[in-house]
Structures are given as structure tokens and as C-alpha cells.
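When a residue number appears, it is its place in the shown sequence, counting from 1. Indexing begins at 1, ligand by ligand and atom by atom, following the structure's order.
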Amino acid sequence: MPVSEHFRTPQLSRRSLLTALALAPIAAVGCSSGSSAPAPTGSRPLPIPPLAAATVQDGVRRFTLRAGAGETEMLPGKRTPTWGYNGTVLGPTLRARRGESVAVTVNNTLPEMTTLHWHGMHVPPRMDGGPYQPIEPGGTWSPTWTINQQAATLWYHPHPHGSTEKHVYRGLSGFFLLDDDAADGLDLPNDYGVDDIPLVIQDRRFTPDGALDESDPTNAGLLGDTIVTNGIAHAHLNVRTSRLRLRILNGSSGRVYNLGFTDGREFQLIATDGGLLAAPITRNRIQVSPGERVEIVVRFDSNAPTTLHSFPIENRGTLPAAEATTFGFDDAFDILEIRPAEGMKSAAALPSSLIPITRLATPGTPVDHSFELQWFMINRARMDMNRIDFTVQVDTTEVWTVRNVDNWPHNFHIHDVQFQIIAIDGTPPPPELAGWKDTVFTPPGPTFTLAMRFTDHSDPSYPYMFHCHLLLHEDRGMMGQFLVLAPGQQPAPAQMPMSGMGPGAMSHH
Ligand code: C2O
Ligand code: CU
Ligand code: CU
């Protein structure tokens, strides 16, 4: 299939273009200070994804998401065909509280099957939105579940087997923020769009006419040369508060970022994938691999601007130099220029402790399952929807080891749970990896020991996935599946119709 056919989308309506452009005024409401210096050519205010409208009825919070095609001004003055939820790119931010039930109606107006997965969410397997919950074109899927996990920055994205990279690359993803009383009780910036900013970082390549370039993927997948933040290139953020919380999502296909500021300033890391850390950690760099989230708080004591930047990757394990280059580990990018307003009061200190974390296991705990990552495979097997790789018993602590025995970088994501890294090569993890995680970067070499608990949602028919979150790797089969069973329950795997599913949906595979 020629590349141009990838973007043969239905006739674009004038309305869909306007929806895309409407992102900018939304940002202005949330973030503009109105008093900063004129933007350098091409720089635009960071769009803030709108909070999704919800109705609450009989204790159920209801959202509607519609996946569809449109055009977005990702580059100034260019119309880029993109896919989005309730708009032309990305999606609204869903927000719910621990204890609430949520119901989401997902409509697919795309020309092909998609799914919608709640990354990081503790959710029954039938509601997980992985490859077992296809939404055909014109179809609707209506998952419902109860939020039972701590406050966290989660996200949602498509998960159609074999086509996840394409769907995410074209623009499908959004934030899902969870709140709880414990997090509300802490003095942290939490005014959405003002001092609490969701920031999805993605890399894209564009053709000369401004279309997304899906040609020539490397073993890292579609590695871009242009950074887009919240859907646009060359964004800046006007800040009016002396403390700024950034909820950062690496929404890229295959690129790892090593984030810091161009002026070397320190920031505080307060949360990882599954929620707040036990205490803030002061750093001047933090690494995020695809699918991972970090929350940082940055202080502004003057109006000196700074730029969030990605530095060459330091944590490489035994990655050979040539592969490091292929995977973009030597690259550096400006991510987001930050322009503080004048005359801000100096910032209040953050709380010295956040949310206690009870350790699930110690480094010596016996291992239940071990995984070796190599060349699009886990334990020398590719994903097969007709093969359940293993089962786990509900509400028991599982200890897994993961080792990248490849000469490529990978990471490891588990559905349904937040896990703890209890050891790296037998040694307790550094503080930035000691909190709740659902995705861990695994450079070649070290063995990661993870502990987790599948507290409920046993289901003999529908599995959960574990996989590398470099999306090309996942699409090519670097994924497996497991069932969570009640004591005595026997597996009865769901039979899936395979038409239209499976690797190979992108022509370059
Ligand atoms: Cu974010 Cu199985 O994925
Ligand atoms: Cu996931
Ligand atoms: Cu991988």
C-alpha cells in the first residue's frame, strides 16, 4: 500500500478543522499570562486538553468518546490529517474519583476497527480495551467499572492487535486523571490547566506538505524528528504561579526522553505511573520511556524563562553504540519553552512526605514468572491470541523477573495492576523507581524484579496483556496474555474472530 493511502480519510468537514483549531483558545483560557514577550516565530501557546464533559446519574459518571478523523494544525500554517477523540487530535481529559463508577460510551467513526485501552487502570479484563474488545467502524463499546485505586495520571489509547502504533501515531490518546481524598489533602498544585498541566510528549515526522510521515520505520518504530506537545510543535507555556506541576506522559511510539531544563534547574519528582511517591525527590533529570508518566513540580522565583529539554539517554545498560543511535538515544530536543510571569511570590515548599507505600515483597521473595525480552519476542514467543501464556491466582502477590537479553532497548508494561520494582539485579531500586509503576524501562542487561497483586476481577475467559510498550515491538508480537483465576477456576479462553486483526496492518511490517 502506498503511504498516501494511509491517510485516505473521509472527506474532512469544515467543522472538524475548526474543532482542531479550537484547541488554541482553550489553552489561552487556561494558561496565558498575556504579559509575556512576543512569541518567537512559530511558537504557539501549549494547548490544554479540555476536561471531558460528564453526567453523573445514579452514582455513575458517564463520558462519551468518539474516535474520528480530521485535520490539525500541528505545524503552524499546515493542515495535518490526524485522528482524535471528540476532536481532531488527542482527546479530552477524563477525570474521576476513587470510589466512583464510570461508564464510557466509545463510538468509532474511523474507517477501521480500533479499541480503547485504559492504561494503568485497575479494571476487569472485559473492560480493559485490549485486543479482545474491538470496536468496528460505526460501532460502539460501552465499558463500565468502579475506580478503586489511588490518585494517578493514567491515559487511554487504542490497542488493536498489530495496529496500535499507527492509531497512536495519528493522534489517538488522552489523559485519564484519578483523584482521591489523600491526594486532595496534600498541598500540591492542582488547578487544572493553570498550575497543574497535562503534557503529552510525542515525536513525529512530517512530509513536505505537512502530512504525518509513516514511511521508513526503524527497529524503534516511527521515530520522529519533530517534538509535538499536546498535539502541536513549538509550544510555549505562560506560567502565572510560582509552582508548576507537569503531569508528563511519554506518548511516543518508540522514543525515550531524558527530561531536564536547559538552565540546569532542579525540580521535584512527586509521582510515577500509579500515583504519588512516598516523598518528593529532587532531581535535574528524569527519564521516561513510551507509556510511562512522571509528575514533577518546578519552582519559578523569577521571570527568567527556561525550556524543558530532552538530553541524550544516560541509562542504557549494555546497549551497543550503533543501536543507541538507531533508537535515538543520542538525540536532544527542546520540548517546551516555559515563560514565567513577572512578580510572582516565592513558592511554598512541597509537603515533605506524600503517600506512604507499603512494600509488597522483599528482594529475596520466590519468583513466580520470568520473562526474557528479545527481538519482538517475550520468552522466544510472539503474541498469539489463541495462547494463554500463564494464569495467576486472584489476590495473591506475584513476583516476576524481567530481563532484556537483547541488544535493543525495550520496556515492560502490565495491564490491570500497578507494580513495585523490588530489585534491580538484586539491589533495591533508586527512589525514582520505588513508587507505583505499570511500565518499566528495561535496558539490555539488568534483571528487574517486580511485585504486584491482582486483587480482584478474576475471569476465566478474558486475559490481560503484558508487553513491550515500544509500539512497533508490541504490534510485531512482543506481547503475551494471562488469565486471573479464582481458586479452583479453570481457564475457558474466549474464542476471538481473527478477521481484520493481527499484525501486518501497516504496510511496512
Ligand atoms: Cu498502554 Cu497494553 O498498553
Ligand atoms: Cu496498558
Ligand atoms: Cu521492545
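- With rounding to the nearest 0.5 angstrom, the OG atom of S253 is 8.5 Å from the CG atom of L223.
- A cation-pi contact links R285 to F311, judged by a cut-off of 6.0 Å to the six-membered ring centre and 45° from its axis.
- Taking atom 2 (Cu) of ligand 1 as reference, H415 places its N/O/S atom NE2 nearest.
- Shortest distance from atom 1 (Cu) of ligand 1 to H157 is reached at NE2 (N/O/S atoms only).
- At least one N, O or S atom of H467 sits under 2.8 Å from atom 2 (Cu) of ligand 1.
- Checked by atom type, the side-chain pair S310/N258 shows no donor-acceptor distance below 3.5 Å.
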Residue pair R403, E372: steps toward the salt bridge (Lys or Arg N to Asp or Glu O under 4.0 Å) verdict: CA-CA 5 Å; R403 179 158 187 245; E372 283 191 352; 5.2 Å; no

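- Protein atoms of type N/O/S that fall under 2.8 Å from the Cu ion (ligand 2) number 2 in this view.
- Aromatic ring centres of H167 and Y169 lie farther apart than the 6.0 Å criterion allows.
- By the 4.5 Å heavy-atom criterion applied to side chains, L199 and L46 are counted as neighbours.
- For atom 1 (Cu) of ligand 1, the nearest N, O or S atom contributed by H119 is named ND1.
- Residue H117 does not count as close to atom 1 (Cu) of ligand 1, with no N, O or S atom under 2.8 Å.
- The closest side-chain donor-acceptor pair between D128 and H415 falls under 3.5 angstrom.
- Note: F482 and F390 have parallel aromatic rings, judged against thresholds of 30 and 60 degrees for the angle between ring planes.
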